[in-house]
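Below is one structure, written out as structure tokens; the observations come after it.
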Amino acid sequence: MSEQQQGKGQQQGKGQQQGKSGGKGDAFVTAITSQAEDYSRWYLDVVLRAELADYTPGLKGCMTIRPYGYAIWERIQLLLDARLKATGHVNAYFPLFIPESLLMKEAEHVEGFAPEVAWVTHGGKEKLEERLAIRPTSEVIIGTMYAKWLQSWRDLPILINQWANVVRWEKVTRPFLRTTEFLWQEGHTVHETEAEAEEETRKILGVYKEFVETELAMPVIDGQKSDAEKFAGAAKTYSIEALMGDGRALQAGTSHNLGQNFAKAFDIKFQGRDKVEQHAWTTSWGVSTRLIGGLIMVHGDDSGLVLPPNIAPYQVVIVPIPRGDWRETVLPHAQAIKAQLVAAGVRVMLDDRDAYTPGWKFADWEMRGVPVRLEIGPKDIEKQQVVLARRDTREKAFVAMDGLVAHVQGWLADIQASLFAKAQQVREERTHYTESYEEFKALMAGTRPGLVYAPWCDDATVEAQVKTETQATIRNYPFVAPPAEGKVCFVTGRPATVVACFAKAY
RNA sequence: CGGGGCGUAGCUCAGCCUGGUAGAGCGCUCGCUUUGGGAGCGAGAAGUCGCAGGUUCGAAUCCUGUCGCCCCGACCA
């Protein structure tokens, strides 16, 4: 019982132990920089040490997603894909390449993406007649196909999603948050009316919000993007925005109402109920591997990753305590427990590696964010119990073997809920409302700036000025916000038309 | 793309200033003892010094270029 020393001394991941002096509270974590010391390095340390991703020698800005990181992505795929299917969408796959002539068709779109498009100029040794863009997003190629398929209003709506990789030639990259190549899903739909396209756009944003909050336990702000921040070629863009541990915002998903812009550029037309040929209304929407970056930063602490049970590749890690011929005496019990948990639908890792001590395994799986650790040793077997330990609160408990599965499931549900509640509380603490630009500047100059709501005159010039002066950008115009009526813009003093949410962003 | 920093064993780094042919700790392999919060002892393997040129009798070390990573800006769904 002497292993109670580490206690539960940490709350929001404030600077905890540094792990160099070998005292008591700092028995683990020597490999990860503390958040307080350097948040960026903390983030990179977690990504690398938890083996989520790794750099690829000689290849700039691209990461290899390692099995443990990819397993998280697979959970995201599984859980989101089910929701997209449930709302009537089907999956398909479109080509990676986009002929230059096609890409040029939508002017605003081209201009928006031109700086980050990668080009293929040769096939083997021969120079291509026409350059091929590697898709930075697939509106163009998918729109081209839709134009081919669509004839009648009876063909509508078209509701297709694809899981794919895209490439954007970014100048500054960070694993998961911004990489040259990344994985995502992109939905592309076609509708008969403007209203239906708008409904779809908003519906998907709702799906994203519910998915991210329920499964990733990440509270998000849903709202509409300002014109300056909207997708190149869209009529309207909506987003969900999450607040990270360092007080900066992360765009976690976007949904675009493309109006008829792409329909006109790519000839997506149909004969309507009124027998008149007309352009369709399209939407597109996506979330990416960036969500993994968000997960790390919303829940992680100085010991590493903290994963919500719904998304964790392993929800429980079983660490058998070796004593004597433990493979004969302890391991069978561990295996039996694993079988029970697996039968109940719990994702379990039984760490029976000989080469590592229990203490080493504890620290290792903590760093990887496994929600619940289950220890079982000779003493426990005698008493018909196990030791359970929570990753998020570090709480430990002796739990009877009898009713163990239900107990574990209870813990998992509780961890999922409390991670969300805690993230929500942190966000509330760091969300402010102001009508004063001076106060706004002061807030943005803080170490963990957070979100600031303010009445706004909706002028792109002023938006640019605020960005220059404070580095803050408009994340979105939240659906849920104080009313703007009767208020004046906090920068210009002109009548406010909307309340905007500002933040420094990733 | 601009400013700054860094590339030496799997990892963290020393060596570079003042050229003489590469080291430590951790990790890894083998053996024994261990194992309830990152185990101990013994033996061992491991590096084209990011890459390419140049100077030199001789380059990890000096010079030039280049690639990659990190930080700060600019740019960016």
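Heavy-atom basis, side chains included; hydrogens, waters and symmetry copies ignored. Residue numbering restarts at 1 for every chain, and letters A, B, ... go by the order of the sequence lines.
- Distance from the side chain of A/K396 is smallest to B/G37 among B/C71, B/C76, B/G37.
- Distance from the side chain of A/D380 is smallest for B/G36 among the nucleotides B/C1, B/G36, B/C71.
- Between B/G3 and B/C13, the two C1' atoms lie 27 Å apart (nearest whole Å).
- The separation between A/D246 atom CG and B/C71 atom C1' is 14 Å, rounded to whole Å.
- Under 4.0 angstrom from either OP1 or OP2 of B/A39 there lies at least one side-chain N or O belonging to A/T357.
- Using P as the reference atom, B/A59 and B/U21 are 12 Å apart when rounded to the nearest Å.
- Between A/Y356 and A/W360, the angle of the ring planes stays under 30°, which puts this pair in the parallel group of the 30/60° scheme.
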Begin with the C-alpha distance, continue with both residues' side-chain angles, and end with the deciding distance and a verdict on side chain to side chain donor-acceptor pair (under 3.5 Å) for A/S284 and A/E186. CA-CA 7 Å; A/S284 68; A/E186 49 177 326; over 6 Å; no
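- Taking atom NZ on A/K171 and atom P on B/A74, their separation rounds to 13 Å, with Å as the unit.
- To the nearest angstrom, C1' of B/C11 lies 12 Å from CE of A/M367.
- When distances are taken from the side chain of A/K60 to each of B/G73, B/C69, B/C70, the shortest belongs to B/C69.
- Scanning atom types as modelled, one donor and one acceptor separated by under 3.5 angstrom connect the side chain of A/R373 and the base of B/G37.
- As a whole-Å value, the separation of A/M63 CE from B/C70 P is 12 Å.
- Figure legend: cation-pi geometry between A/R323 and A/W326 absent, as NZ or CZ is not positioned both under 6.0 Å from the six-membered ring centre and within 45° of its axis.
- Look at B/A43: its Watson-Crick or wobble partner, with both distances under 3.5 angstrom, is B/U29.
- Within 4.0 Å (heavy atoms only), A/R290 reaches no atom of the nucleic acid at all.
- Separating the CZ atom of A/R41 from the C1' atom of B/C69 is a distance of 13 Å, rounded to the nearest angstrom.
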Could you list the donor-acceptor pairs under 3.5 angstrom formed between side-chain atoms of residues 233-249 of chain A and any protein atom two or more places apart in sequence or on another chain?
residue: A/T237; atom: OG1; partner: A/F231; partner atom: N; Å: 3.0
residue: A/T237; atom: OG1; partner: A/H256; partner atom: ND1; Å: 2.8
residue: A/Y238; atom: OH; partner: A/E198; partner atom: OE2; Å: 2.3
residue: A/S239; atom: OG; partner: A/E241; partner atom: OE2; Å: 2.8
residue: A/S239; atom: OG; partner: A/N476; partner atom: ND2; Å: 3.2
residue: A/E241; atom: OE1; partner: A/R475; partner atom: NE; Å: 3.2
residue: A/E241; atom: OE2; partner: A/K225; partner atom: NZ; Å: 2.8
residue: A/D246; atom: OD1; partner: A/R248; partner atom: N; Å: 3.2
residue: A/D246; atom: OD2; partner: A/Y506; partner atom: OH; Å: 2.6
residue: A/R248; atom: NH2; partner: A/A505; partner atom: O; Å: 3.1

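- Counting only heavy atoms from C-beta on, A/P358 has its side chain closest to B/U35 among B/U35, B/C11, B/C71.
- A distance-only check finds a donor-acceptor pair linking the side chain of A/R391 to the backbone of A/L305 [under 3.5 Å].
- With respect to A/E366, the salt bridge (charged side-chain N to carboxylate O under 4.0 Å, His left out) criterion is satisfied by exactly one of A/R390, A/R49, A/R373: A/R373.
- Ranking B/C28, B/G73, B/A74 by closeness to the A/Q471 side chain, first place goes to B/G73.
- The nearest whole Å value for the distance from the CZ atom in A/R353 to the C1' atom in B/U35 is 14 Å.
- Taking only side-chain atoms of A/A363, from C-beta outward, the nucleotide of B/C69, B/G38, B/C11 with the closest atom is B/G38.
- Backbone-only contact: A/E229 has heavy atoms under 4.0 Å from sugar-phosphate atoms and none from a base.
- For the pair A/F231 and A/T56, both in contact range of RNA chain B, the more 5′-proximal nearest nucleotide belongs to A/T56.
- Remark: the separation of the C1' atoms in B/A22 and B/A46 is 13 Å, to the nearest Å.
- For the P atom pair drawn from B/C51 and B/G7, the interatomic distance equals 14 Å after rounding to whole Å.
- The gap from the P atom of B/G54 to that of B/G2 amounts to 27 Å, rounded to the nearest Å.
- Just one residue in the list A/W163, A/F176, A/Y68 forms a ring-ring contact (aromatic ring centres under 6.0 Å, His included) with A/W73, and that residue is A/W163.
- Among the heavy atoms of the strands lying under 4.0 Å from A/G61 are primed sugar atoms or P, OP1, OP2 only; no base atom is included.
- Donor-acceptor pairing under 3.5 Å, judged by distance alone, is absent between the side chain of A/R168 and the base of B/C76.
- Using a 4.0 Å heavy-atom distance criterion, A/S40 is classed as a sugar-phosphate-only contact.
- In this entry B/C62 has B/G54 as its Watson-Crick or G-U wobble partner, both defining distances falling under 3.5 Å.
- Rounded to the nearest Å, the gap between the C1' atom of B/G50 and that of B/U8 is 10 Å.
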side-chain contact (heavy atoms from CB on, under 4.5 Å) for A/W169 and A/T180? Distances and angles first, verdict last. CA-CA 5 Å; A/W169 218 256; A/T180 301; 3.6 Å; yes
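- Partner assigned to B/G68 is B/C6, using Watson-Crick or G-U wobble distances below 3.5 angstrom.
- Of the side-chain N and O atoms in A/Y55, none sit less than 4.0 angstrom from OP1 or OP2 of B/G50.
- Counting only distance, with no hydrogens or angles, the side chain of A/H89 and the backbone of A/H188 share no donor-acceptor pair below 3.5 Å.
- Going from atom CG of A/L177 over to atom P of B/C71 covers 11 Å, rounded to whole Å.
- Atom CD1 of A/I474 and atom C1' of B/C76 are 17 Å apart (whole Å).
- Residue-level contact check: A/P136 touches neither bases nor backbone, having no heavy atom under 4.0 Å from any strand.
- RNA chain B lies under 4.0 Å from at least one heavy atom of each of the following residues of residues 113-120 of chain A: A/F113, A/E116.
- When each of B/G73, B/G38, B/G36 is scored by its nearest atom to the side-chain atoms of A/V172, the top-ranked nucleotide is B/G73.
- Using Watson-Crick or G-U wobble geometry with both donor-acceptor distances under 3.5 Å, B/A74 finds no partner in any strand shown.
- Between A/K467 and A/E463 no salt bridge is recorded (no basic side-chain N to carboxylate O distance below 4.0 Å).
- Across all strands shown, A/T254 has heavy atoms under 4.0 Å from base atoms, whether or not it also approaches the sugar-phosphate.
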